[in-house]
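Computed over heavy atoms, backbone and side chain alike; hydrogens, waters and symmetry mates excluded. For reference, positions follow the sequence shown, starting with 1.
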Amino acid sequence: MRVLGVDPGLTRCGVGVVEGVAGRPLTMLGVGVVRTPSDAELGDRLVAVERGIEAWLDEYSPGCVAVERVFAQHNVRTVMGTAQASAIAMLCAARRGIPVALHTPSEVKAAVTGSGRAEKAQVGAMVTRLLRLDAPPKPADAADALALAICHIWRAPAQNRLQQAVAAHRTPSASRRQTTPGISRTPGASATPRTSGTTGATGTSGTPRASGASGIAPAPGASAAPRTSGASRAPRTLKGRSA
């Protein structure tokens with residue numbers, strides 16, 4: 001794996017290329033700094049950073065670009081310049097189809113030195129030891145760029161396994177949702193209404209149940225036979241008596 005580490009900055013943008021795999025000795029292929037004049041216009045400085053990073057991409061053809069993730073600071077002007085240079089590095093990589101990885105300063109320090117609160121001098125000393133250099137790279141931005149590349153080489157396998165595990169966990173759930181048929185009605189089909197014992201408004205197609213309630217209206221044109229009670233029966237005649 002060949003990784004280009006970028007420590008973003010407008011005045012000094014550290015760059016470093018490291019090659020190797022996790023668990024084996026690493027090799028530094030190149031290290032340097034892309035500088036821009038502080039009195040130049042912002043647009044010209046961004047163009048200079050872009051040209052510098054493009055030159056490193058042309059020369060080393062890395063398989064991945066590791067960029068420091070920008071965090072807010074008290075100095076807004078500094079963090080804005082750092083964010084702009086970081087965006088330029090990601091743009092250059094994305095234009096070529098190169099994967100980009102972002103690592104926080106604490107992640108880089110913890111990966112290289114074992115402590116997320118290590119000082120820059122400690123990071124430089126560990127980079128020198130890990131890459132078997134004669135002296136720490138200078139300025140510190142260059143050492144930080146190499147530390148970013150080392151961090152990504154060591155962390156990438158674990159991150160890839162984690163991403164594969166998450167993808168494998170989501171795939172069966174998604175396939176179950178797609179294969180489980182839902183309950184749907186055929187377009188244009190009319191549902192059969194349920195019939196109840198009482199009729200509603202006129203035009204209800206359900207067959208009402210017969211009941212003793214008098215509220216059931218007879219069908220149009222049909223005459224309902226009235227119920228006879230004892231008071232409306234014909235009078236009986238008595239045998240042997242004359243009317």
Exercise. So T27 and R132, side chain to side chain contact (heavy atoms under 4.5 Å, CB included) or not? Walk me through it.
Worked result: CA-CA 8 Å; T27 303; R132 303 178 304 280; 4.1 Å; yes
Audit row: L42, Q84, side chain to side chain contact (heavy atoms under 4.5 Å, CB included) steps and yes/no: CA-CA 10 Å; L42 176 60; Q84 291 163 348; 3.4 Å; yes
*Taking side chain as C-beta onward, heavy atoms only, is P8 less than 4.5 Å from E68?*
yes
In short, T113 meets A118 closest at the heavy-atom pair OG1-CB, 3.3 Å
V21 and M1 have their tightest heavy-atom pair at CG1-N, 4.2 Å
pair M90-L102: side-chain heavy atoms closer than 4.5 Å: yes
*asked:* Salt bridge check, E107 against R69: does any charged N sit closer than 4.0 Å to a carboxylate O?
replied: no
Scanning both residues in full, the closest heavy-atom pair of T128 with D134 reads CG2-C, 4.5 Å
Please check this pair: side chain of R45 against backbone of D39, looking for a donor-acceptor N/O pair closer than 3.5 Å.
no
- Should R35 and P139 count as side-chain neighbours, where that means a heavy-atom distance under 4.5 Å? yes
Of all heavy-atom pairs linking C92 and I53, the shortest is CB-CG2, 4.1 Å
| field | Sidechain-backbone polar pair: S86 side chain, T82 backbone, donor-acceptor under 3.5 Å | value | no
Checklist entry - Which is it for V108 and D144 under the side chain to side chain contact (heavy atoms under 4.5 Å, CB included) test, yes or no, and what are the steps along the way? => result CA-CA 9 Å; V108 175; D144 291 343; over 6 Å; no
All heavy atoms of G5 vs all of A149, minimum pair found to be N-CB, 4.0 Å
Side chains of V15 and L4: does their closest heavy-atom pair fall under 4.5 Å?
yes
NZ/NE/NH1/NH2 to OD/OE distance under 4.0 Å, D58 and R96: yes
| query | Can you tell me if CZ on R95 sees more than 12 non-hydrogen neighbours from other groups inside 6.0 Å? | reply | yes
Distance col, row L148:CG vs I153:CD1, nearest 0.5 angstrom, shows 11.0 Å
Q | Single-linkage hydrophobic cluster L46~V6, side-chain heavy atoms < 4.5 angstrom | A | yes
Here the pair of heavy atoms bringing L57 nearest to P62 is CD2-CG, 3.6 Å
The complete set of salt bridge (Lys or Arg N to Asp or Glu O under 4.0 Å) pairs with one or both residues in residues 16-31, sequence neighbours excluded, reads R2-E19
| field | Y60 reachable from V33 in the ILVMFWY side-chain graph, under 4.5 Å edges | value | no
Rounded to the nearest 0.5 Å, the CG atom of L146 sits from the CE atom of M126 at a distance of 13.5 Å
Exercise. Measure the shortest side-chain to side-chain distance between L26 and L130 over non-hydrogen atoms and say whether it is less than 4.5 angstrom.
Key: no
(Q) Using modelled atom types and a 3.5 Å cut-off, is there a donor and acceptor pairing between side-chain atoms of E59 and backbone atoms of W56? (A) no
- Under 3.5 Å donor-acceptor, T36 side chain and L10 backbone: yes
Legend entry - E119 CD: over 12 foreign heavy atoms closer than 6.0 Å: no
